[in-house]
Amino acid sequence: MSVMKILKDIDLSKFTSFSIGGKAKYLIYIEKEEEINQFFNFVKEKKMEYFVLGNGTNTIFDDKGYNGIIVRLVTNYINFLDPYTIEVSAGVDLSKFILTCLENNLKGYEKMLGIPGTVGGAIRGNAGSKGQEIKDNLISVKFYHNRELKTYYNEDCEFFYRESIFKNLKNVIILSAKFQLEPGDKNILLKEAKRIVDERNRKFPLHLPNVGCFFKNPIIQKDILPKNISKKVVQNYDDEKLKISAAWLIENVGLKGYKLNDVGVSNKHALFLVNYGNAKFSDVINLMNLIKDKVYKKFSICLEPEVELLYNKS
Ligand SMILES: Cc1cc2nc3c(=O)[nH]c(=O)nc-3n(C[C@H](O)[C@H](O)[C@H](O)COP(=O)(O)OP(=O)(O)OC[C@H]3O[C@@H](n4cnc5c(N)ncnc54)[C@H](O)[C@@H]3O)c2cc1C
């Protein structure tokens, strides 16, 4: 029988791409799905809450730490069910899954190569880039909700821009998902993926710790678009709604490059907050609130964080 791995008193800053965070009492590694019941028994015994951590590229922990158990799925399988249908475990790196698709002449996720994080994290936040989203080729998701094993089909997952039903349920552990992709040409797909990765490397401040886009691009009804927002930074989301560039809003309240202690709005890309070395969680929150206030005052638009902020409640 395979046994889950338990570490104690771990430093959370080592497990997120923003590189801050205090300690967590326990970190559990689950390598095989059969270990999940050991984990549930452990949670019951310790009477603590838990947080599922993928690669930590969309999560910022409080410097005061997390009063609970961190669980990481390091399950690692990519199984072809037929030439177009793949079952992938949640712990697999998204880029590894996408490269497997490309190598096998399958198209649908080539524009998402370079998004760091796991397949599980991507499903929860419906990760996407350049018009492609994880929901696009997803058939179903297998997950635990409060110890009950469930399977949801795509239409049950309530996916939309950076959202899914999993964001609104507590105690969800995504185990795996099935995807079905379209045939494509490996050479063309790899070329396109490389072009996108090169663009990401040029545009994003990857030399400093960050969590990608800090805020979601706001989506508003077409008829309430404020007059002081340039049409050039607005695109149709659907028949009734528009999506506005949050980076443009932040730039246009003069905050691109702004620094608050060791946290700053990147001067390369205004939607990225960066850690200049000794960032504190309180600085992140204060800077987030300053950005939200300024954008709201000027444009009457409320920015919502895309990133998961783990406040220590004690
Ligand atoms: C440089 C950079 C560029 C980025 N570019 C993009 C981009 O282009 N598009 C985009 O969408 N995102 C982007 N991101 C953000 C991030 O990579 C994605 O949101 C990614 O999907 C997060 O995956 P993760 O495994 O790191 O999640 P984590 O940060 O570990 O977790 C995020 C949330 O998902 C939950 N979660 C993770 N795994 C599971 C699971 N198995 N079961 C249940 N819940 C789970 C966590 O509890 C948490 O609430 C970028 C980040 C960085 C640092």
Side-chain angles (χ1 to χ4, degrees), residues 12 15-19 21 27-30 33 36 39 49-61 66 68-76 88-98 109 111-136 141-146 150 152 157 159-177 193 196-197 199-217 247 266 268-269 271-275 305-310:
L12 288 167
F15 293 90
T16 66
S17 58
F18 205 72
S19 303
L27 169 64
I28 308 273
Y29 282 103
I30 293 183
E33 286 169 17
I36 287 270
F39 169 70
E49 58 178 47
Y50 65 87
F51 180 81
V52 190
L53 186 65
N55 283 351
T57 63
N58 205 27
T59 301
I60 303 184
F61 288 106
Y66 176 73
I69 303 163
I70 302 289
V71 56
R72 295 195 72 198
L73 266 81
V74 284
T75 50
N76 199 16
V88 187
S89 60
V92 168
D93 281 348
L94 183 66
S95 287
K96 180 176 168 187
F97 166 51
I98 295 175
Y109 291 134
K111 295 184 180 166
M112 288 170 55
L113 189 68
I115 300 180
T118 57
V119 168
I123 292 171
R124 181 185 180 271
N126 188 25
S129 139
K130 300 276 172 195
Q132 293 184 341
E133 291 179 320
I134 197 79
K135 72 167 175 51
D136 296 346
V141 180
K142 193 166 86 177
F143 64 101
Y144 275 98
H145 180 216
N146 292 328
K150 297 184 176 180
Y152 273 10
C157 298
F159 287 119
F160 59 102
Y161 169 65
R162 300 298 174 269
E163 289 292 335
S164 75
I165 197 166
F166 307 110
K167 271 199 173 177
N168 302 317
L169 298 175
K170 212 174 151 20
N171 293 335
V172 164
I173 305 180
I174 297 168
L175 293 182
S176 64
I196 303 268
V197 170
E199 189 182 319
R200 294 171 70 89
N201 290 342
R202 259 196 329 274
K203 283 193 177 165
F204 296 168
L206 301 179
H207 57 299
L208 290 168
N210 69 79
V211 273
C213 296
F214 194 91
F215 295 100
K216 293 192 270 190
N217 290 313
S266 163
K268 217 171 167 190
H269 192 310
L271 207 41
F272 279 63
L273 298 198
V274 289
N275 175 359
E306 183 174 318
V307 49
E308 177 90 11
L309 297 161
L310 262 286

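We're numbering straight along the sequence, starting at 1. All figures in this text were calculated on a predicted structure; none of them were measured in a lab. Order of appearance sets the numbers: ligands from 1, and atoms from 1 within every ligand.
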Legend entry - Any residue meeting ring-ring contact (aromatic ring centres under 6.0 Å, His included) with Y152, in chain and number order, not counting sequence neighbours: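 Y152: ring-ring contact (aromatic ring centres under 6.0 Å, His included) contacts with F143.
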Inset, instruction - Sort out the contact shell of ligand 1: every protein residue with a heavy-atom distance below 4.0 Å, listed by chain and number. - result: S17, F51, V52, L53, G54, N55, G56, T57, N58, T59, A90, I115, P116, G117, T118, G120, G121, A122, R124, A127, G128, S129, R162, V172, I173, I174, R200, L206, N210, V211, G212, E306, E308
Inset, instruction - Output all residues satisfying side chain to side chain donor-acceptor pair (under 3.5 Å) with K203, sequence neighbours left out; order by chain, then residue number. - result: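 Per chain and number, K203 pairs via side chain to side chain donor-acceptor pair (under 3.5 Å) with E199.
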Inset, instruction - Please name all residues satisfying side chain to side chain contact (heavy atoms under 4.5 Å, CB included) with N168, sequence neighbours left out, ordered by chain then number. - result: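 Per chain and number, N168 pairs via side chain to side chain contact (heavy atoms under 4.5 Å, CB included) with no residue.
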Inset, instruction - Report the C-alpha separation of L73 and I173 in whole Å, then their side-chain angles, then the decisive distance to 0.1 Å, and conclude whether the side chain to side chain contact (heavy atoms under 4.5 Å, CB included) test is met. - result: CA-CA 9 Å; L73 266 81; I173 305 180; 3.6 Å; yes
Inset, instruction - Check for a donor-acceptor pair, side chain of S89 on one end and backbone N or O of T75 on the other, with a separation under 3.5 Å. - result: yes
Legend entry - Minimum-distance pair of heavy atoms, taken over all atoms of K135 and N126: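 Looking at all heavy atoms of both residues, the shortest contact is N-OD1, 3.2 Å.
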